[in-house]
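Note sheet for the following structure.
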Amino acid sequence: TFTYNCMMEVYVKAGKHKQAYELFKEGLQGAFVPNQFSWSVVIRGLCKGGSLEIAQALFKQMEKCGLVPDIILHTMLIDGLSKSGKLVEAFDQFKRVLEVHQPTTQLYTTLIDGLFRAGKPNDAYWLYKSMEGKGCTPDNMTYNILITGLCNADKLEHAQYLFNLMVSKGYSPNVFTYNAFLAALCKAGKLDDAYKYLEEMVTKDYPPSTVTHSLLISGFCKEGRVIEAQELFQKMVKRGCIPDLVTYSSLIEGFCQIEKIDEAYHLFDTMLSRGLVPNVETYNSMVCGLCKLGKLKEAFARLQDIIRKGHVPDVMAYNSIIKGLCKAGQLDTAYPLLEDMIERGCVPDVTTFNVLIDGLCTIKKADKALELLELMIEMKCLPNAMTYDTLISGLCKAREADKALQLLKEKDFIPDAST
RNA sequence: AACGUGCCGAUUCAU
């Protein structure tokens with residue numbers, strides 16, 4: 001048994017959960033008698049590896065053998081279940097633990113995180129509210145998960161409340177929590193608040209990271225406050241945070257937005273001279289910025305740069321250019337790009353089609369747009385509400401309301417207010 | 001004997 005256990009543990013530590021499981025099965029054919037540890041190791045491996053059906057089966061088998069899985073193993077199974085989207089089963093398991101064990105803070109925290117992942121922030125909050133009644137005090141991790149989750153769900157007020165609460169209880173948010181919170185503030189347009197927190201981090205000696213600075217720089221740029229973004233950029237360098245690709249991309253986007261292409265290019269060069277190797281996203285910022293300014297030729301050149309460097313431009317770069325061309329009414333240039341991207345192995349997405357459909361509608365070729373709808377369905381790209389709204393509006397403008405109505409009837413999509 | 005919970009920032013879409 002000990003030999004088997006050791007070997008399985010080695011496999012699990014190396015992330016080879018399948019092998020551990022095979023060994024386990026193989027052993028059972030022979031004289032191997034698994035003990036508590038053996039079961040735990042295999043099940044842990046299977047949970048981490050996402051093989052939850054097997055993990056669940058083994059869990060039951062273990063209980064049948066008269067062994068009692070401890071709270072940790074339960075928690076691992078629950079974590080695995082909720083992470084693979086089996087929230088109902090996770091909760092079933094939760095009910096079962098409660099019959100056998102005293103719940104722990106970690107157990108609650110795991111489930112809270114699972115609820116956030118499943119897009120149920122309200123339930124997560126409710127679970128947090130109920131945990132203390134069961135003798136489980138939320139800890140640092142619980143608060144960090146809650147705040148991050150609430151921020152991602154755009155529940156800024158709740159996040160703010162918990163942020164203050166955790167601080168008042170003597171816990172300290174870590175950089176990640178701060179960052180998630182600041183990102184949410186920026187998204188809500190509360191840039192100045194976010195900036196205050198940044199300063200607070202400095203004075204409280206929770207050093208802000210490159211990410212912290214980048215998110216604010218991006219926030220400033222989006223609001224057109226590029227000067228402030230630049231100032232912050234200089235400050236971060238002084239503080240010893242090294243600007244990375246994202247930081248540069250954000251600023252580049254900012255300069256494009258205020259139509260300072262030269263500055264944008266200059267920044268791009270600086271970035272290169274600092275030894276940073278631009279990735280597809282970096283080019284995208286440039287491409288996108290140029291497109292928004294209507295500098296389609298230049299954007300095209302950057303697209304060629306990407307290709308020349310041996311990268312495949314991603315959907316976003318293509319979408320930007322296609323959109324730019326569509327807005328300029330150059331559908332005959334835009335359309336072939338669809339084929340071009342497919343040839344290069346870049347899969348068009350809903351946006352690509354939406355943009356093209358809109359372009360075709362505005363030059364009064366609603367019939368062509370309808371063909372494109374069929375093509376996208378053929379290519380297994382699922383149309384969304386925006387696709388149909390665009391088409392319906394296009395058809396109506398072309399005095400083909402009957403076709404629009406037909407579309408409403410035939411396709412199964414749920415019309416919303418704008419439809 | 002091992003073992004469990006979180007991780008943030010940039011680029012595209014109609015009315």
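Proteins get letters first, then strands, A, B, ... in listed order; numbering begins at 1 in each. Source: prediction; values computed, not measured.
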Using a distance-only criterion (donor-acceptor N/O pair, under 3.5 Å, no hydrogens), is the base of B:rA10 paired with the side chain of A:Ser250? no
Ranking B:rA14, B:rC8, B:rA1 by distance to the side chain of A:Asn5, first place goes to B:rA1
Under the 5.5 Å and 30° test, is A:Phe37 stacked on the base of B:rA1? yes
Among B:rU11, B:rU5, B:rC8, the one nearest any side-chain atom of A:Asn284 is B:rU11
Length of the CD-P vector between A:Glu223 and B:rA10, whole Å: 14 Å
Filter on side chain to side chain donor-acceptor pair (under 3.5 Å), then keep only pairs touching residues 115-127 of chain A, sequence neighbours left out; what's left? A:Asp113-A:Arg117, A:Asn122-A:Lys155
Between A:His74 and A:Phe59, is the ring centroid distance below 6.0 Å? yes
Examine B:rU15: is either OP1 or OP2 under 4.0 Å from a nitrogen or oxygen in the side chain of A:Lys397? Give yes or no. no
Under the side-chain contact (heavy atoms from CB on, under 4.5 Å) test, residues paired with A:Ser38 that sit two or more places apart: A:Thr1, A:Asn5, A:Met8, A:Phe24, A:Phe32, A:Pro34, A:Asn35
Donor + acceptor pair across side chains of A:Tyr335, A:Lys368 (<3.5 Å): no
Picking from B:rA1, B:rU11, B:rC3, the nucleotide nearest the side-chain atoms of A:Glu253 would be B:rU11
Answer with base, sugar-phosphate or nothing: what part of the nucleic acid does A:Asp389 contact at a heavy-atom distance below 4.0 Å? base
What is the nucleic acid contact for A:Thr104, judged by heavy atoms within less than 4.0 Å: base, sugar-phosphate only, or nothing? base
So what does A:Asn140 touch, heavy atoms closer than 4.0 Å: a base, only the sugar-phosphate, or nothing? nothing
